[in-house]
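Numbers for residues simply follow the sequence, beginning at 1. This structure is a prediction, so every number in the text was calculated from the model and none was measured.
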Amino acid sequence: MSQKARVIQGSAVLAAVLALADAACSGPGTMTSNTAGQGAHRISVLAVGMFAIAAFVFLVVISFLAYGLFRRRRESDDGKPILNDGGGTRMVLFGGVAFPIVVLIVLFVITLVALEAQARDDTGTHVFTVDVIAHRWWWEFQYPTQGIDTANELHIPTGQPVLMQVTSDDVIHSFWVPKLQRKVDAIPGRTNDVTLEATADGTYLGECSEFCGLQHAHMQFHVIAESADAFNSWVADQQRTPPAQPTGLVLAGQQVFLGSSCVYCHSVSGTTATGTVGPNLTHVASRTTLAAGTIPNTPQELAAWIANPQSIKPGTEMPASDLTPTQLRELVAYLESLS
């Protein structure tokens, strides 16, 4: 095989490897490609750049290795090998000292540039602030300016920077939206800031990236980026108090809710339920999932979750209920009305 053919073949193999790597890193929980936020884009570019430099270094090392293995030994006129002609020393000084120093300096500089750009995002101007509180194993989002307290679904206006002030209510967690921004630790008693700004409308998966116990893998949330009009409409809906006097099955369900132990952990605006241990349920029916992304928010799944949450999410702090089938049906009807 000619040298040109070998180069073409090697290039094809490298392209195939890169394509497979990109495909493997392009799911909803990754940020290597198809990013939708400036922060994630910078990290993606940095990761690709580091990979390219590492690949180049690897090729250089392999080239030197191949040269050392396959070159013919030079011999003197009397047939004895020349042990050292100075080339080996130069190769060691260049390949073992100068070249690594240059590579490390380049990596250090581009990393500093990326970190400085990320820091500018968090100290710049923001349209509003969201308090992010991590719990085992769910996420609470409080909008102080709008007076909203919701769980596991974060709404932001597209194209506008929103400051996340992240903390934890129990153990160390980590707030991460791979398509939008870097990770930031949620630490009890401390607040860490990170900016979310989506460049396109969409729903982006977020998750806890710090092992925090039995249900760490089931501690997800969704960031819903939408137009300013759609966001303002959502805010208006979230600020609306549910009807104080429901009727029929919904009224019966409200009575079940207020007469049960649910009120010690959950709150619903306009009622006597003011618990803060679990998620605020004022608009629970408007959310797409239950139990922090573990199951879809449907009447059937909601009933199963209330009846025996441990069978769905073992270790969760929500206890099983002792409601009768009729009470459970009424309670589900009430919760489904809270949209």
Given L335, V256, V250, L251, the one that forms side chain to side chain contact (heavy atoms under 4.5 Å, CB included) with E330: V256

D229 side chain to S227 side chain, donor-acceptor N/O pair below 3.5 angstrom: no

T294 backbone acceptor or donor facing K313 side chain under 3.5 Å: no

Shared hydrophobic cluster, I224 / V127 (ILVMFWY, side-chain heavy atoms < 4.5 Å): no

Inter-residue atom distance L328.CG - D322.CG, 0.5 Å rounding: 11.0 Å

Atom pair CD/CD of Q254 and Q245 - distance to nearest 0.5 Å: 7.0 Å

Ring geometry between F231 and Y143 (parallel below 30°, tilted from 30 to 60°, perpendicular above 60°): tilted

Q327 side-chain N/O to T324 backbone N/O, donor-acceptor pair under 3.5 Å: yes

Distance in Å, L46 CG paired with R182 CZ, rounded so as to fall on 0.5 Å steps: 13.0 Å

Atom pair CG/CD1 of L107 and I53 - distance to nearest 0.5 Å: 4.5 Å

Expected output: side-chain E207 to main-chain W176 donor-acceptor under 3.5 Å: no

Joint cluster assignment, V132 & F128, ILVMFWY side-chain distance < 4.5 Å: yes

Hydrophobic cluster identity match, I133 and I148, side-chain contacts under 4.5 Å: no

L302 with L323, same ILVMFWY side-chain cluster at under 4.5 Å: yes

same_hphob_cluster(F141, V277) at 4.5 Å side-chain heavy-atom cutoff: no

Donor-acceptor pair, side chain of T274 and main chain of S267, under 3.5 angstrom: no

Value rounded to 0.5 Å, distance of CG in L180 from OG1 in T35: 9.0 Å

T288 versus E153, side-chain donor and acceptor atoms under 3.5 Å: yes

Identify every side-chain donor-acceptor pair in residues 188-198 under 3.5 Å, counting partners at least two apart or on other chains, and give the distances.
| residue | atom | partner | partner atom | Å |
| --- | --- | --- | --- | --- |
| R190 | NE | N192 | OD1 | 3.3 |
| N192 | ND2 | D185 | O | 2.9 |
| T195 | OG1 | D121 | O | 3.0 |
| T195 | OG1 | D122 | OD1 | 3.0 |
| T195 | OG1 | H126 | NE2 | 2.8 |

Parallel, tilted or perpendicular, as decided by the 30° and 60° cut-offs, for the rings of F175 and F221: parallel

Distance in Å, L258 CG paired with T272 OG1, rounded so as to fall on 0.5 Å steps: 4.5 Å

Donor-acceptor under 3.5 Å (N297 side chain, R287 main chain): yes

